[in-house]
Amino acid sequence: MLAIKDGAVFVADAHVNENRTEFLSFLELINSGKIATTQLFLMGDIFDFLTGYGCYTAKFYAKYIDLIEQIALKIEVFYIEGNHDFRLKKLFKNVKIYEISKQPVSFFITENNEKKSVKIAHGDNFLPFVSKYALLFLRLKWFLKFMNFLDVLLNFKISKSILQALTKKKLDYKIKNFKGFISPKMRHYDANFVIEGHYHQGEIFDIDEKKYLNLPAFACEQSYFVVEYAHNKIKFAQKSLKGH
């Protein structure tokens with residue numbers, strides 16, 4: 001297992017599109033060192049729609065991809081694929097990619113001089129049967145290649161239509177009794193800490209002696225978590241790009 005280091009940054013659900021571009025500023029601050037970090041965890045749905053088998057989206061997000069690659073030459077970058085960004089290994093050479101079949105991913109932190117286990121996932125795992133296999137089907141290589149072939153023939157009308165439709169998706173919402181909603185899912189996680197994105201809630205609470213962290217949607221408030229070690233204790237501090 002790899003260690004989560006002091007100063008590690010966790011960010012999720014930026015849902016970058018033509019209207020939401022603040023994430024580029026965030027990457028530039030990290031690349032320049034103005035946001036100092038030892039590791040960068042991209043927790044999925046960073047882009048509204050990106051796949052390594054889509055010609056148009058790879059070009060559409062090229063500036064972001066290049067910048068993430070530059071950052072990965074300086075620090076460790078881990079990309080936990082989401083349900084909007086998947087099959088990314090073709091696009092990122094220097095980034096460690098974890099597709100849904102590899103999630104949750106195991107890491108550890110050290111607290112009170114003791115190693116504690118951490119499980120990390122985007123959050124779209126452990127789904128009901130139909131939802132699970134519908135999402136897996138959309139990630140199949142042959143299907144993505146076929147859709148890209150059609151997309152090219154249609155002058156990228158499919159990709160443009162998907163990206164345009166997603167600009168209207170509501171991302172800022174609250175799930176009523178979120179802790180109760182998450183509790184049944186925790187039985188799948190054997191860890192001291194569980195970190196997910198996907199739900200856009202930005203909440204931290206304890207469930208059955210496990211600490212659960214759900215990342216805020218960067219798309220809404222440009223917020224992210226920073227790991228801070230102090231006095232043998234671990235803290236996940238919420239920060240905002242608006243503070244820079």
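Nothing fancy with the numbering, it's 1 onward along the sequence.
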Considering all heavy atoms, the nearest [X]-[Y] contact:
| X | Y | result |
| --- | --- | --- |
| L91 | A58 | CD2-CB, 3.9 Å |
| H15 | A219 | CB-CB, 4.2 Å |
| T51 | L88 | CA-CD2, 4.2 Å |
| V77 | V95 | O-CG1, 3.5 Å |
| Q238 | P216 | NE2-CG, 3.9 Å |
| G82 | D124 | C-OD2, 4.0 Å |

Please check if the distance between the ring centroids of [X] and [Y] is under 6.0 Å.
| X | Y | answer |
| --- | --- | --- |
| F143 | Y53 | no |
| Y189 | Y212 | no |
| F107 | F193 | no |
| H198 | H84 | no |

Would you find a donor on one side and an acceptor on the other, under 3.5 Å apart, between the side chain of [X] and the backbone of [Y]?
| X | Y | result |
| --- | --- | --- |
| D85 | I46 | yes |
| D151 | I158 | yes |
| N192 | K116 | no |
| E203 | L213 | no |
| K89 | I97 | no |
| Q164 | I162 | no |
| E196 | A121 | no |
| S223 | F218 | no |
| N31 | L67 | no |
| K185 | G123 | yes |

Candidate pair K59 and D66, rule salt bridge (charged side-chain N to carboxylate O under 4.0 Å, His left out), full reasoning
CA-CA 11 Å; K59 184 177 179 180; D66 290 345; over 6 Å; no
Are [X] and [Y] grouped together when hydrophobic residues (ILVMFWY) are joined by side-chain heavy atoms under 4.5 angstrom apart?
| X | Y | result |
| --- | --- | --- |
| M43 | L40 | no |
| V152 | L154 | yes |
| I234 | Y224 | no |
| I80 | F86 | no |
| V105 | F236 | yes |

Any heavy-atom pair between the side chains of [Y] and [X] that's under 4.5 Å?
| X | Y | answer |
| --- | --- | --- |
| F78 | L42 | no |
| F26 | V11 | yes |
| K93 | E69 | yes |
| I182 | N214 | no |
| N83 | H122 | yes |
| V16 | D48 | no |
| Y56 | L163 | yes |
| H200 | L171 | yes |

Heavy-atom count check: over 12 atoms from other residues, nucleotides or ligands less than 6.0 Å from [X] [atom1]?
| X | atom1 | answer |
| --- | --- | --- |
| K160 | NZ | yes |
| K174 | NZ | yes |
| F146 | CZ | no |

Less than 4.0 angstrom from a charged side-chain N to a carboxylate O is my criterion; do R87 and E81 meet it?
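Salt bridge: no.
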Is any NZ, NE, NH1 or NH2 atom of the basic residue among R20 and D172 found under 4.0 Å from an Asp or Glu carboxylate oxygen of the other?
no
Verdict with reasoning, I207 to K179, per side chain to side chain contact (heavy atoms under 4.5 Å, CB included):
CA-CA 8 Å; I207 299 178; K179 184 175 181 178; 4.0 Å; yes
Please walk me through it: do K235 and Y229 pass side chain to side chain contact (heavy atoms under 4.5 Å, CB included)?
CA-CA 6 Å; K235 177 184 177 182; Y229 285 87; over 6 Å; no
For the atom pair [atom1] ([X]) and [atom2] ([Y]), what is the distance rounded to the nearest 0.5 Å?
| X | Y | atom1 | atom2 | value |
| --- | --- | --- | --- | --- |
| K63 | T21 | NZ | OG1 | 9.0 Å |
| I109 | D6 | CD1 | CG | 11.0 Å |
| Q39 | F10 | CD | CZ | 7.5 Å |
| S106 | L2 | OG | CG | 10.0 Å |
| I175 | Y173 | CD1 | OH | 5.5 Å |
| D206 | M186 | CG | CE | 9.0 Å |

Looking at residues at least two apart in the chain, or sitting in another chain, which of them share a ring pair (Phe, Tyr, Trp, His ring centres under 6.0 Å) with Y61?
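For Y61, the residues satisfying ring pair (Phe, Tyr, Trp, His ring centres under 6.0 Å) (neighbours in sequence not counted) are F47.
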According to ring pair (Phe, Tyr, Trp, His ring centres under 6.0 Å), who are the partners of F108, at least two apart in sequence or on a separate chain?
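F108 satisfies ring pair (Phe, Tyr, Trp, His ring centres under 6.0 Å) with no other residue.
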What's the verdict on ring-ring contact (aromatic ring centres under 6.0 Å, His included) for Y79 and F41, showing C-alpha distance, side-chain angles and the deciding distance?
CA-CA 6 Å; Y79 204 125; F41 288 81; over 10 Å; no
As a quick check of understanding, evaluate side chain to side chain contact (heavy atoms under 4.5 Å, CB included) for I204 and K211, giving each step before the final call.
CA-CA 7 Å; I204 301 176; K211 186 168 288 294; 4.1 Å; yes
Criterion side chain to side chain contact (heavy atoms under 4.5 Å, CB included) on F156 and C55, from CA distance to verdict:
CA-CA 9 Å; F156 305 115; C55 294; 4.1 Å; yes
Taking atom types as modelled, is there a side-chain donor on N17 or T167 under 3.5 Å from an acceptor on the other?
no
